[in-house]
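Below is one structure; the comments refer to it alone.
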Amino acid sequence: MFNLFTHPSTKILRQNEKQIHHIKTLSYSMEKWDDNTLKRQTPKLKNMLQNNRSMDHILPEAFATIQETCRRLFGIKLFDVQLLGGIILHQGNITEMKTGEGKTLTATLPAYLNSLDGKGVHVVTVNDYLAKRDAEWMGQIYNFLDLGTGLIQQNMAPDIRQINYKKDITYITNSELGFDYLRDNMAINKTDIVQQGFHFCIIDEVDSILIDEARTPLIISGPSDIPTNQYITSNTLAQQLINKKHYEIDEKAKNIILTDKGIIFCEEFLGIPNIYQLEQPWAQYILNALKAHQIFLKDRNYIVRNNEVVIVDEFTGRLMPGRRWSDGLHQAIEAKENVSIQQENQTLASITYQNFFLLYNKLAGMTGTAATESREFEKIYKTNVVSIPTNKRCIRADLPDLVYKKEYNKWVAIANECYDMYKLGRPTLIGTTNVEKSELLAKLLDEYQIPYNLLNAKPENVEKESQIIAQAGKSKTLTIATNMAGRGTDIILGGNAKQFSKLIIIQTIKDSFINKNEPELDYYKPSDLIKTYLKHMVKILQHQQIFDHMSPEQILMHTEKCITNYNHNNNITDSTPIYTAYTKILDIYQKDFTQDKDRVIKLGGLHVIGTERHESRRIDNQLRGRAGRQGDPGSSRFFLSLEDNLLRIFGGEKILNLMETLNIDDEIPIESAILNRSLNNAQKKVESYYYDIRKQLFEYDEVLNNQRQAIYAERNRILHSTYVRDCIIEYGERTIDEIINFYHNDKNKDDNNPTTNTIIHQKIQTILNLPHEIVNELFSNMNNREMKYFLYEQFRITYDLREAYLEQLRPGLIRQLEKYYLLQQIDTAWQEHLEKMSNLRESIGWRSYGQQDPLTEYKNEAFILFINMITYIRETVSYFIMRSRLVIDPDKTI
Ligand code: ADP
């Protein structure tokens, strides 16, 4: 085996050498223990923590316990690099571990250790399928060690979520986690809150979540009542505007600006004096309409389906039904496509992933590719990226890029390479950047009459995808996949016998008991013997009638359970017909696949073809990393053309000149060595461009985040308070203070200016509901202090009266009303504030041409808005508390 400690990957390994050795020695001694002794490790270690031992202190023993449990349950001995990965994760870092190194198991080490203090650990995955898979698979370890495993899935009811969040270790996706956080902070009853705090979190595929997805914030929205005709008018107007005369397009920034001529044209067209006026501003509508026509292309950025505009993720090629572009852009595209314009939604709550994950006391992550983004992880998330060496040396050959002049020739060359690989028998994975390109290649391969699997990365196909990906290592298999397709599933050379056997069983059961058809098994090409096993299984199941009263979901769950138990726990003695058929079929496939694996290895392993350089080297590396796992042979090659977006937009002069100078045939690729520097520069430019966008989003959201934290904290104080009266009295007193301070502030006090005084009189009168005479009296006869205490007293008296009255009407009601009322005021004010902040951001964008730093300006104005909101909340609460409405008809106030 490759020796970890002679690997050049530096100090960090040697620093941990002793620790790893210690873990291994401990786990070795545990091999002799019986199961019960091993299980007792959990209470023992918990006890040690309670007796002031630190987590670092018990780390070796906790890791050794997991090491031994893995060996017992799965027959797997964790590699040294996995133990190292576990230590680095526990320290709150990001580990870069290549595909196939066993990250899922690695995460159980720090998850177990950090769950021992009872505060809960979250393990975050990119999709529901992986969360479920990992929870079921890893749950066996935790279960063995008497810890509870939670799993949260989309569409789960709140009470079930609550139960799952209370478990020691919870598997969940990033979006469920974020949305639950936002929903919890909109809860009206304490009992509706599902989350339990943010202690330690391990994010799988951390780059995908913290980098790729960090560009769009999570938003919970509700309908608003903005009219739609402005979109239609702007759409008509946009079609009359002329590029370069009325507006200019910045393709890089996906932005459009109006020229002076354009602005005048629009104002004349609309018959208004200023398109930037604050009341009914038109500029944003017009710019969105222009973007809809000039930048967002049908069938590329979006598709139109069932009279709806559905976003295509530019990065993965996935359709994103239900997701909408924000700030009116989606509506502008709906107007362009002449489909019904859906109401603009009002943001009710939002947060970026950056700020959400920073809520955790400790944050850790793992991925195959992070090193290129380490600066960002350090700067934004304050986590270090540590590269963990591979268990076996990687022998993949990354071949030099081939660059064609024309995109067409590039695709022909790719198809030819696919053809050659197919003839050779080598499994090949072709990564494309979107569905359209996948289909283009598919068409070319159809012409060559060679078979392939096409993965189009639709969310509903995630499960199927990972199954196809699992077979992508068989000989003579071509798999075309958009980038993210099947991420999280290993490509095993020769094919994945376990997955394949599982699939054929599930398909048979689905067809026989859910669809009630003859099983459709062509894809699996089952031998007669396999068919016999399957038939036998169905017959016994029919006879046993166990599926008769199960829902389709339950049938599938049962099937999966029978199979997974076997997969991961060889000790189980399960005699269901499903299990029996599975083992027999697995046996056959395993023999077949092992032979195929040998053949594939001789041919050179998996070949990966990249069809374009991506917007970051990290994504290129992800694709390459599919080949050459765990010391397997493999190779990768990227095919590029000078017409690719990356080179066209970011390549700049150099590449253009080269195009002119090189007078070579279109079919002949240019040696990439010449282009390498320009290529890398182009890619770095895109990387830093996207980094800047994320950084900007982060910086702007940070301002909002501080405010969000303050509001959520206040909300929480009220929600958890048993005696809200105190909060209300506090609000009232603060309001009184503010009014009096305002009055006595020298700047505002002007005895000769009756208007200011009148305003203040009125304010006191209105907010505190005091008769005019008393207020007059107040101002003429009292000094500051006296006035303040008089008003405090008034507030209390009025409040006491109302309380007494309500108490006799319906005891206990006032406490409920108060709480509900306060929360409602805060929520409404916060939502309006969010809207104002978003407008502020837009308008700062327009104003940013001058010398001022837009962010500073934004911060200043945001602060003023926030203070105004807080004052407004206090005043409104005081106002309503002092009104009799609350007393006369309590029900109506809700
Ligand atoms: P990654 O996420 O790093 O690509 P996975 O966690 O999906 O990898 O694991 C890949 C495969 O390797 C799984 O089938 C797992 O059972 C197996 N595996 C993990 N660790 C070990 C080990 N120490 N020994 C043998 N197999 C292992």
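Atoms within each ligand, like the ligands themselves, are counted from 1 in listed order.
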Looking at [X] and [Y], does any basic side-chain N land under 4.0 Å from a carboxylate oxygen?
X: D632; Y: K392; result: no
X: D134; Y: K132; result: no
X: K561; Y: E136; result: no

Would you check the N or O atoms of [X], main chain and side chain alike, for any that come under 3.5 Å of an N or O of ligand 1?
X: K77; result: yes
X: T104; result: yes
X: Q82; result: yes
X: R629; result: no
X: I76; result: no
X: G100; result: yes

(message) Going by the rule side chain to side chain contact (heavy atoms under 4.5 Å, CB included), which residues pair with K24 if we only count those two or more places apart in sequence or in a different chain?
(response) I20, Q67, D80, L83
(request) Only pairs at least two apart or in different chains count here, so list each salt bridge (charged side-chain N to carboxylate O under 4.0 Å, His left out) that has a residue in residues 101-116. (result) none
(request) Select one of side chain, backbone, both or neither to describe which atoms of M97 lie under 4.0 Å from any atom of ligand 1, heavy atoms only. (result)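 Neither part.
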(request) Check I469, L478, T477 against L429 for a side-chain contact (heavy atoms from CB on, under 4.5 Å) and give me the one that passes. (result) I469
